[in-house]
Each structure stands twice: as C-alpha cells, then as structure tokens.
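Numbers restart at 1 for each chain; the letters A, B, ... are given by sequence-line order, proteins then strands. Computed from a predicted model, the values in this text were never measured in an experiment.
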Amino acid sequence: MDHYDFREAEPRWRKVWEERGTFRAVEARDRPKAYVLEMFPYPSGRIHMGHVRNYAMGDLVARYKRARGFNVLHPMGWDAFGLPAENAAMEQGVHPREWTLENIATMRRQLMSMGLSLDWSREITTCLPDYYRHQQKLFLDFLEAGLVDRRETWVNWDPVDLTVLANEQVIEGRGWRSGAPVEKRRLNQWVLRITAYADELTDALAGLERWPEKVRVMQTNWIGRSEGLKMLFEIAGMDRRLEVFTTRHDTIFGASFMALSPEHPLSAELADESPGLARFIEECRRTGTGEEAIERAEKKGFDTGLKVIHPFDGRELPVFVANFVLMDYGSGAIFGCPAHDQRDLEFANAYDLDVIPVVVPHGREPAGFAVTSEAFRGDGRLANSDFLDGLPVEEAKEAVASRMEADGTGKRTVNYRLRDWGVSRQRYWGCPIPVIHCAACGIVPVPEGDLPVRLPDDVDLERPGNPLDHHPRWKHAACPRCGAGALRDTDTLDTFVDSSWYFLRFCSPAAGEPVTREAIDYWMPVDQYIGGIEHAVLHLLYSRFFTRALRRCGYLDFDEPFSGLFTQGMVGHETYRLADGRYLEPKDVDKGGDGVIRAIASGEAVAVGRSEKMSKSRKNVVDPETIIRDFGADTARWFMLSDSPPDRGLEWTDSGIAGAHRFVQRVARLIVEAAGGLPPPGTPVPAASGPALLLRQTVHRTIDGITGDIERFHFNRAVARIHELANAIAEFETGTPGGLGVLREALEALVCLIGPMMPHLGEEMWRTLGHDTLLADTPWPEAERALALADTVTIPVQVNGRLRARLDMPRDAANDNVEAAALSEENVRRAIGERPVRKVIVVPNRIVNIVV
RNA sequence: GCGGACGUGGCGGAACCGGUAGACGCAGCGGACUUAAAAUCCGUUUCCCGCAAGGGAGUAGGGGUUCGACUCCCCUCGUCCGCACCA
C-alpha cells in the first residue's frame with residue numbers, strides 16, 4: 001500500500017501556496033534579492049520534456065534561494081508571436097490569436113501542475129497589445145537614438161515562409177524553421193545597429209564568469225572580430241581605387257591577383273558591358289551561399305581584363321570576379337596571395353597564376369622553399385619582399401601598415417563577422433513596426449500617443465505574401481506630420497525582438513511605460529538564467545545588445561542582463577525503427593525478456609537507435625502530462641534531476657521514472673512509519689554517541705555536500721547524496737539513547753533537502769513530522785562544521801603505489817603515528833618483504849605510500 | 001577545414017586541488033515474505049586466478065612527468081556540438 005497519495009496531496013499543496021500567495025514577489029529594499037529565470041516558452045501547444053527539465057532545474061534554484069533567505073523573483077510568460085500560429089491558422093482555420101491563447105491556456109495548466117514556485121501575477125504574453133505597445137515605444141526610442149536604420153541590403157530570403165531571415169536564423173544555408181535553401185535578395189528593411197556594440201559585446205564576455213565557457217566562445221566566434229588593414233589599389237587606366245580588407249598585409253609582395261565578389265558594385269558595373277561576366281554572376285547567384293557550392297568548393301572566376309597596380313612594386317595584377325569572395329565580409333574584394341592562403345592557391349592553380357612564397361618557415365632557406373598544393377599559413381620570415389625581407393610576420397605587418405597609413409593608401413581596421421540585425425519580417429503574427437511612410441515627409445514615427453499600433457483581426461492568410469500589405473484598409477493612415485494620406489509599414493518585427501527585453505518587463509509587468517527604473521534597479525540583473533544551448537548566440541546575444549541599447553536610451557545603467565547562465569542538456573529517448581526505416585512509438589514495441597525486440601503489431605524485428613532528442617518525426621516523444629498524471633509531478637521532477645549532469649543530455653527511460661516513483665514512496669514510508677514515535681518538533685537534538693553520532697555526522701555531511709552541489713549545479717550528485725542519507729536513515733537502529741531525537745533531526749533534514757526538488761512531498765512530510773508551518777517558508781538547514789567532519793578517517797596504505805591495507809585513524813593523527821601503524825600492518829609487511837624501506841610519504845588524513 | 005567538449009562496469013553516471021576507481025541509481029542474479037503475483041526487505045554484481053586469505057589486470061589506444069595519474073603533458077583513434085570559402 002502506498003504511504004503517500006500524490007493525486008490527492010499535490011493539488012492540495014498547490015492550492016495552499018496559491019491561497020497564501022507564497023511565491024508572490026514583492027520588492028523589499030532591505031532584503032537581498034535573487035532573480036531566477038528560465039527561458040520563457042513558445043506556446044506551441046503542449047509542454048514537452050525539455051520544458052519539464054528546464055523548469056525543474058529553475059524551480060530547484062528558486063526554492064533553494066528562497067530557503068537561503070533571498071527575496072526571489074521567479075516569473076513566467078509566453079513568447080507568443082511567431083510563424084507557427086499562422087501556419088496553424090491556414091491548416092486548421094483558426095485565428096492565430098485564438099490558437100496561441102488556447103495553447104497558452106493548456107500550457108499554463110500543465111506548468112501549474114508541476115508545482116513551480118512561480119509568481120503568476122507577473123505573467124506576460126508578448127502577442128498582447130499590453131506588451132507590444134511598449135516594444136513599439138522602445139523601437140521609436142531606438143530610432144531616435146540612431147540605433148535603427150532603414151537600408152537596402154542583401155537579405156536571406158526564405159522562399160517557403162516568404163520572409164527575411166536574420167543571419168543567425170540561417171543554418172547551413174537553410175531557413176531555421178522551414179529548412180528551405182535560403183536565397184539572396186536585395187530588400188529595404190529595418191536593421192538594429194548591433195554592430196555598434198561589436199567590441200563591447202566581445203570584450204564584456206570576459207566578465208561573465210558565471211556563463212559557460214562554451215557560450216562565450218560561440219559568441220566571440222559569432223561576432224568574429226579580426227584586426228587587419230584596409231588598403232586601396234589603383235586601377236590601371238581608371239580614376240578609381242579598389243578597397244580591400246586583409247589580415248595578412250605582410251604577404252602583400254606575394255599578391256598575384258585581385259578578386260571581387262559577384263555582388264560587388266564594380267562587378268555589376270562591368271557586367272553591363274560584358275554579357276559573359278553577367279552570365280557568370282548570374283550563375284554564382286543561383287548557387288549562392290547554398291551548401292552545394294560549399295561542398296564542391298570549386299573555385300571559379302571570370303577575368304575582367306582590368307588590372308590593379310601593386311602599391312609597392314608597381315606590378316599589374318589581373319582583376320577577377322570570383323565565386324568564393326563574400327560581399328558580406330570586409331569590402332567584398334580581396335587580393336589573392338596563393339602561397340599563403342589555401343583558397344587563393346586553388347584559384348591560382350585553376351587559372352595559372354603566379355605562386356610567390358613570401359613567408360618562409362623558420363629553419364628553412366628561401367631558396368629551397370616552394371608552395372604547390374598546400375598553402376603555408378604558419379609563422380616564419382619574409383622573403384622576396386623588398387623592404388620586408390628577413391622580418392618575422394608580425395613585424396612585417398607593422399611595417400606595411402605604417403608605410404601605407406603614412407601615404408594614405410591603407411588604414412588599420414577592425415572587421416567583424418557580425419552583421420547588423422535585420423528585423424523586418426513580411427509576416428502577420430508579430431509586433432507591427434510603428435512607422436508611417438509618407439510620400440512628402442518620408443519616414444515618420446507613429447506618435448507615442450497613438451500607440452499601440454494594433455494588429456488587425458480580420459486578415460487573409462490564405463493569400464501568399466505579406467498579409468498586412470494585402471489588408472484592404474489597415475495600412476492606410478494619415479501622415480502624423482502633414483496629414484496627407486500615407487502608408488503604414490506593413491512588416492512586423494522579428495520575434496527575437498520580443499524576447500530581447502521580456503526579462504526587464506517582468507520587473508514591473510503592469511507599468512504604463514516599458515520598464516520602471518525602481519523595479520529594475522532592485523531586481524536586475526537576472527542572477528540565474530536557465531535555458532537551452534540552442535540560444536547560445538541568437539537570443540542571448542540580442543538580449544545583451546538590447547540591454548545596452550536601453551542603457552543608451554536612459555532606461556537603465558548596467559550592461560549585462562544575465563549575470564549567471566546555465567544551459568541544460570536536452571531530453572532524449574531511444575528510437576525504434578523497422579527494417580524499412582519507419583519509426584515506431586515506444587508503445588508499439590515489445591522488449592521481450594529474450595532480448596529480441598519486436599513490433600507488437602507485426603512481430604517484425606525492431607532496431608533500437610541511440611537516444612536522440614524527442615521529436616514527433618522520430619516518434620520518441622513522451623508526453624509530460626501523462627507522466628505527471630500517472631506518477632505525479634514530484635516523480636517527474638525528481639527523475640529530470642537524477643540521472644545525468646544537468647548540462648548533459650538526459651535519456652528518458654521507463655525504468656528511470658519507475659525508480660524515481662519508488663523513491664517518493666520510500667521517503668514517505670520512512671517518515672510516516674517513524675513520525676508517531678518522534679519527540680515533538682523543536683525538541684533539542686540530544687547528545688549522541690555510537691550509531692546516533694554516526695547518523696548525525698552523515699546528516700551534516702549531507703547538508704554540507706548538497707548545499708555545494710546545488711550552488712555548482714551538480715544536481716545529480718545532490719540526488720545521489722539524498723539517496724545515501726535515506727539509506728543511512730533506513731538502517732539506523734532507534735534503540736540507542738537519544739536515538740529518536742537524532743532520527744527527528746535526520747528526517748527533518750531529509751525533508752528540507754528534498755523540498756526544492758519534490759516540493760509537494762516535502763510539504764506533506766513536513767506536516768507529517770508535526771509542523772504547522774510551510775516547508776516553503778522554512779530556512780535551509782545549516783551544516784554543523786564539527787559534525788560534518790568525521791572524527792575518524794580511513795587511510796589507505798600503498799606500497800609502491802599499490803593498495804595493501806587500510807587504517808582507521810583518528811582525524812589529524814600525527815604523521816609518525818600513522819606511519820608506524822602502516823608499517824605494522826601485516827599485509828604491508830608482507831608486501832615489503834626483505835626490501836629496505838626507502839621513503840614513506842604520509843599525506844595527512846589521505847594516504848600513506850611506502851616506497852621500497 | 002577551424003573552434004570546443006568528451007571517451008570510466010551490462011546501462012546512466014561518481015571520484016572536489018594528483019591521493020582507496022566504480023558512490024548513487026537502473027538492469028541482472030540469489031534469497032525472505034506471499035496460496036500466488038505485485039509491492040517491500042536482505043544479499044550479490046568491473047574482469048581474471050583462488051574454497052578462502054589474497055593476488056593480478058583495469059578509466060579509448062600508445063608514450064611521458066610523479067612516491068602516486070580517470071585527473072597533468074605529448075601522439076593516435078573515436079564520438080558529439082558549434083562555425084564554416086570570414087580574406
């Protein structure tokens with residue numbers, strides 16, 4: 001019989017927390033705060049196991065901080081704009097808003113069933129005018145501050161979703177949602193000037209000590225700062241110069257050609273006169289940055305017939321248009337130095353251009369050094385390079401830069417891979433851009449008093465293209481400046497804008513302005529942010545930029561929104577496939593005891609695949625609602641924390657969840673069976689000796705260990721320690737004097753320690769132990785130092801590094817005593833034999849090693 | 001190609017700063033309770049030799065530093081992740 005009926009107890013405790021407003025966050029200037037935040041979900045329909053793991057971890061941290069005396073802010077909201085709502089609208093005939101709000105209702109109910117310590121009074125939903133009106137205000141502020149530009153740029157065009165994508169949303173040449181190969185188009189759109197902060201965003205990463213190194217590296221690489229030289233080449237017979245960016249100006253004497261991007265303005269100009277070049281450019285555009293082009297990596301070019309003049313030796317170098325030169329980076333033109341750049345070498349070999357080695361590896365003679373199929377990219381000394389001969393690479397760079405800066409043909413420059421953030425999306429379900437285009441006045445911001453610019457409800461999503469643009473009336477508006485008829489901007493903002501400041505809005509979710517200073521000053525920055533690694537660049541970089549942009553607009557005065565970041569691993573499950581490759585759901589697979597796995601329906605053999613991220617297409621999804629219904633929220637949460645380190649993947653297993661459930665019942669049984677005989681709560685713990693003292697030591701060591709584990713995000717180790725404590729309690733004989741008092745201490749510690757992980761069970765057991773307070777209001781237990789350190793230690797004794805005996809010694813015994821005890825062990829003496837002892841190493845309380 | 005992480009029993013994993021490798025859980029095996037099953041409890045479980053005491057091997061593979069290496073260094077292999085023609 002179960003000792004604990006979670007079906008009855010879990011909802012009951014959630015009601016108590018709700019009625020008492022236990023988790024309502026109220027600013028209290030005299031108390032230290034802790035802002036704990038998990039990345040808010042997109043309301044796709046139902047929560048999945050990834051959410052459960054994310055929120056189980058976040059809630060553990062929030063409840064732990066609360067128990068440690070912090071004033072905790074732990075809010076929840078919905079990242080509610082986005083394309084899936086429009087797709088659902090088309091497939092199911094529902095309005096995107098209805099679809100979204102219904103999903104939110106479902107997912108809110110599901111999250112509530114987890115028993116999270118959330119302040120639901122601060123809930124925000126980005127698709128509601130309450131939220132996006134403030135976002136529109138921020139956009140206008142950015143516009144005024146010069147942080148927004150309208151530009152015609154080459155954009156990534158998703159031909160399936162019919163919208164522009166940010167660079168960050170293009171993965172391997174394909175749209176991050178549609179998976180369709182992305183095309184290049186030139187389009188007028190709004191960009192946020194994130195590049196203005198490229199340096200700051202890179203440099204400040206060093207100060208984010210509580211961020212995973214991996215994420216910092218990824219952001220550094222994404223921003224891609226590189227220091228080099230911008231140089232100008234004269235074009236022979238033309239009164240213009242060609243600008244090139246390079247980081248290898250030391251190799252300038254090795255230059256044997258120039259190459260322009262097919263998208264370079266000069267390429268287009270020359271193509272007007274040359275049908276052959278026009279055809280070549282068209283060919284490049286079609287293969288574009290797509291993956292085929294990269295895979296083949298074949299270097300192709302078109303000789304324009306132009307020549308540039310080498311700035312130092314006056315040679316004439318041919319100018320090509322080449323498929324491997326990117327318009328996006330630097331100036332869209334390069335000088336080719338085949339001997340020291342692999343791509344240039346391949347190109348030179350294909351078009352029979354000179355390969356002039358100018359950097360000779362250390363220890364080699366210039367005379368005997370040639371480059372044929374592999375470019376030399378390492379360090380060395382310059383050769384064949386006039387005034388640079390003999391210099392090491394770095395000094396040669398300096399010399400070239402100084403000389404070119406002096407005569408005005410070059411300038412030291414920093415280049416970034418990062419592009420400005422294009423935020424215009426030709427979609428309906430997003431935040432309208434609060435701008436009016438007037439034929440007479442140009443671009444006119446919507447006056448603040450007219451905000452929000454609301455999305456119209458009646459919209460035709462069936463028609464391909466931009467829904468707001470197609471709307472019969474919505475875009476027509478009077479120009480706020482001259483009153484004449486004008487047009488609203490019919491694009492909406494990238495949904496990543498919505499998530500770039502929501503954490504600020506949580507501080508004062510009902511305020512009449514976007515954010516309020518007092519609330520932000522108290523709560524921000526987020527002390528612990530928790531979410532998936534997939535946002536390592538996108539969301540986290542945008543949010544860091546937004547915080548700086550808000551600083552410039554005077555809304556706040558700090559730079560970094562998240563002082564601590566933790567990225568949790570995904571939840572996976574094995575996959576099951578038939579011979580023909582079709583996937584089967586776990587419930588359609590029979591894992592018979594004989595080790596052979598079959599499809600239940602047909603009896604066919606099933607191949608078991610490794611654990612992969614849960615997804616509908618792989619049919620390896622386990623629905624959290626079912627699990628919570630059958631096993632309870634605490635069991636689900638406990639399992640999410642048990643099996644793997646939090647930053648690694650967790651494999652879902654049926655036996656794992658069953659084991660977690662067994663442990664819930666075991667804890668309940670332990671406490672229910674003991675509770676009747678215990679001294680009342682508040683009774684001082686009696687002086688203990690023997691087994692009772694050992695139990696006390698275990699209790700205090702466990703408290704100490706788990707506290708450290710939680711602080712360091714080692715939740716799986718905390719779980720293991722709780723198991724050990726439960727085992728120690730189960731083995732404890734209460735018959736010894738004072739035993740029951742010690743048992744009470746141990747059980748109370750157990751309950752307090754499981755509280756942040758299994759909060760319903762925790763409350764129920766706290767009550768069972770006779771308390772009429774809430775566990776959620778109970779302080780975290782303190783480990784008594786004297787007890788946490790055992791008074792005897794087991795010291796292994798090695799002979800020549802091999803374990804031969806163990807000694808039980810008093811803690812901090814004198815080295816001489818330990819050595820004597822070790823040498824008198826029979827097994828040790830046998831191992832030493834007749835050989836003389838050469839050396840004895842005693843590490844206090846740790847080990848003895850005898851060297852013979 | 002570049003950058004990063006990792007490789008430990010049948011499985012997930014533990015081992016903190018270089019000091020008892022395999023904590024804890026899962027699965028397995030043996031037993032108790034039961035008419036039976038479930039649940040629960042007890043024992044056992046890295047491999048090899050041995051009745052045992054004990055001995056030998058062992059943290060992907062090879063080498064090195066050290067009294068002592070899962071941990072540090074070098075090389076090789078493998079897996080995963082990120083970026084990818086970035087001049």
Side-chain angles (χ1 to χ4, degrees), chain A residues 1-2 171-173 212-218 220-222 224-226 228-229 244-249 251 259 261 289 291 293-294 296-299 322-326 328-337 340-344 346-347 415-418 533-534 536-537 610-611 639 642-645 647-651 653-660 662-663 665-666 669 705 708-709 712 714 716-727 730 794-806 826-827 830-831 838-841 843 845-852:
Chain A
M1 195 204 78
D2 282 357
I171 320 272
E172 291 175 1
E213 181 63 20
K214 181 185 172 73
V215 175
R216 291 191 277 171
V217 167
M218 281 167 74
T220 305
N221 292 342
W222 187 265
R225 172 160 66 193
S226 71
L229 191 70
V244 155
F245 174 76
T246 181
T247 55
R248 290 302 303 274
H249 30 295
T251 65
S261 164
T289 51
E291 54 188 336
I294 294 166
R296 276 187 290 118
E298 198 184 327
K299 305 287 177 284
N323 65 346
F324 66 94
V325 182
L326 304 174
D328 273 359
Y329 190 77
S331 62
I334 60 160
F335 77 76
C337 177
H340 305 291
D341 182 288
Q342 191 60 32
R343 292 155 307 176
D344 297 350
E346 285 167 29
F347 189 80
N415 228 300
Y416 304 93
R417 210 188 79 110
L418 183 70
I533 187 73
E534 66 272 20
V537 185
R610 67 180 174 83
S611 180
F639 178 55
S642 295
D643 260 24
S644 295
D647 54 347
R648 277 200 236 165
L650 172 75
E651 184 181 352
T653 59
D654 293 340
S655 54
I657 194 77
R662 265 203 302 278
F663 186 69
Q665 291 302 333
R666 183 166 187 235
R669 194 167 53 243
D709 288 340
R712 285 188 288 272
H714 294 163
N716 57 323
R717 285 186 357 197
V719 165
R721 281 189 221 268
I722 287 174
H723 274 285
E724 285 175 305
L725 177 59
N727 289 342
T794 302
I795 299 177
V797 182
Q798 299 178 333
V799 177
N800 284 350
R802 311 187 69 90
L803 182 68
R804 296 299 173 188
R806 290 174 227 270
E826 193 185 322
N827 213 37
R830 187 163 55 220
R838 287 198 287 152
K839 194 165 155 192
V840 178
I841 292 145
V843 182
N845 299 324
R846 291 235 91 136
I847 203 164
V848 178
N849 193 9
I850 298 162
V851 186
V852 294

OP1 or OP2 of [N] less than 4.0 angstrom from a side-chain nitrogen or oxygen of [X], does that happen here?
X: A:N716; N: B:A14; result: yes
X: A:R225; N: B:C86; result: no
X: A:N827; N: B:G55; result: yes

Rounded distance in Å between the [atom1] positions of [N] and [M]:
N: B:C72; M: B:C49; atom1: P; value: 35 Å
N: B:A32; M: B:C24; atom1: P; value: 25 Å
N: B:A21; M: B:G54; atom1: P; value: 16 Å
N: B:U65; M: B:C73; atom1: C1'; value: 7 Å
N: B:G50; M: B:A60; atom1: C1'; value: 31 Å

- Heavy-atom donor-acceptor pair, A:N849 side chain to A:G801 backbone, under 3.5 Å: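 Flag set: sc A:N849 to bb A:G801 pair under 3.5 Å.
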Return yes if some donor-acceptor pair links the side-chain N/O of A:T247 with the main-chain N/O of A:G228 below 3.5 Å, else return no.
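Flag not set: sc A:T247 to bb A:G228 has no pair under 3.5 Å.
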Just the rounded figure in Å: distance from [atom2] of [N] to [atom1] of [X].
X: A:E346; N: B:G1; atom1: CD; atom2: P; answer: 13 Å
X: A:D341; N: B:G1; atom1: CG; atom2: P; answer: 16 Å
X: A:R666; N: B:A39; atom1: CZ; atom2: C1'; answer: 14 Å
X: A:D643; N: B:A27; atom1: CG; atom2: P; answer: 11 Å
X: A:I795; N: B:G19; atom1: CD1; atom2: P; answer: 15 Å
X: A:L650; N: B:G25; atom1: CG; atom2: C1'; answer: 12 Å
X: A:K299; N: B:A87; atom1: NZ; atom2: P; answer: 14 Å
X: A:Q798; N: B:G55; atom1: CD; atom2: P; answer: 13 Å

ask   = Taking atom types as modelled and ignoring hydrogens, do the side chains of A:N727 and A:R666 form a donor-acceptor contact shorter than 3.5 angstrom?
value =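 There is such a pair (donor and acceptor under 3.5 Å, judged by atom type) between the side chains of A:N727 and A:R666.
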[X] side chain, from C-beta outward: closest of [options]:
X: A:H723; options: B:C26, B:C24, B:A87; answer: B:C24
X: A:R804; options: B:C24, B:G55, B:G19; answer: B:G55
X: A:I841; options: B:C85, B:G56, B:G19; answer: B:G19
X: A:L803; options: B:G19, B:A21, B:G54; answer: B:A21
X: A:R648; options: B:A14, B:G54, B:C85; answer: B:A14
X: A:W222; options: B:A14, B:A21, B:A84; answer: B:A84

Touch check for [X], heavy atoms < 4.0 angstrom, all strands: base, sugar-phosphate only, or nothing?
X: A:R248; answer: sugar-phosphate
X: A:T794; answer: base
X: A:V325; answer: base
X: A:N415; answer: nothing
X: A:R846; answer: sugar-phosphate
X: A:T247; answer: sugar-phosphate
X: A:N727; answer: sugar-phosphate
X: A:E724; answer: sugar-phosphate
X: A:R721; answer: nothing
X: A:N849; answer: base
X: A:R216; answer: nothing
X: A:V851; answer: sugar-phosphate
X: A:R662; answer: sugar-phosphate

**Study point:** A:H723 and A:F663 aromatic ring geometry - parallel, tilted or perpendicular at 30°/60° bounds
**Key:**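 Plane angle between 30° and 60°, so tilted.
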What does [N] pair with, Watson-Crick or G-U, if both distances are under 3.5 Å?
N: B:G7; result: B:C77
N: B:A52; result: none
N: B:A38; result: none
N: B:A69; result: none
N: B:G43; result: B:C29
N: B:C83; result: B:G1
N: B:U59; result: none

message = Within the structure provided, determine whether A:S226 and A:F245 are in side-chain contact (heavy-atom separation under 4.5 Å).
response =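 A:S226 reaches A:F245 side chain to side chain.
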Item checked: Any side-chain heavy-atom pair of A:I533 and A:K214 under 4.5 Å ->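 Contact flag for A:I533/A:K214 side chains = yes.
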Between A:S655 and A:R830, who's closer to the 5' end of RNA chain B by nearest nucleotide?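 The answer here is A:S655.
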RNA chain B: 5'-proximal contact among A:V719 and A:Y329 (nearest heavy atom):
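In this pair, the answer is A:V719.
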Checklist entry - How long is the gap from CG on A:L650 to CZ on A:R648, to the nearest 0.5 Å? => result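 One finds 12.0 Å between CG of A:L650 and CZ of A:R648.
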Using a strict 4.0 Å threshold on nitrogen-to-oxygen distance, state whether A:R721 and A:E724 make a salt bridge.
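Here A:R721 does not pair with A:E724 in a salt bridge, since their nearest N and O are not under 4.0 Å apart.
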Exercise for review: Name the orientation of the base relative to the sugar in B:C29: syn if the glycosidic angle is within 90° of 0, else anti.
Suggested key: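 This nucleotide is in anti.
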Discussion item. Quick check on B:G9: syn or anti? Syn means the glycosidic torsion is within 90 degrees of zero.
Written reply: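 Here B:G9 takes the syn form, which means its glycosidic angle is within 90° of 0.
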Quick check with a 6.0 Å cut-off and a 45 degree axis cone: is A:K299 positioned over the face of A:F324's six-membered ring?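 Yes, A:K299 lies over the aromatic ring of A:F324.
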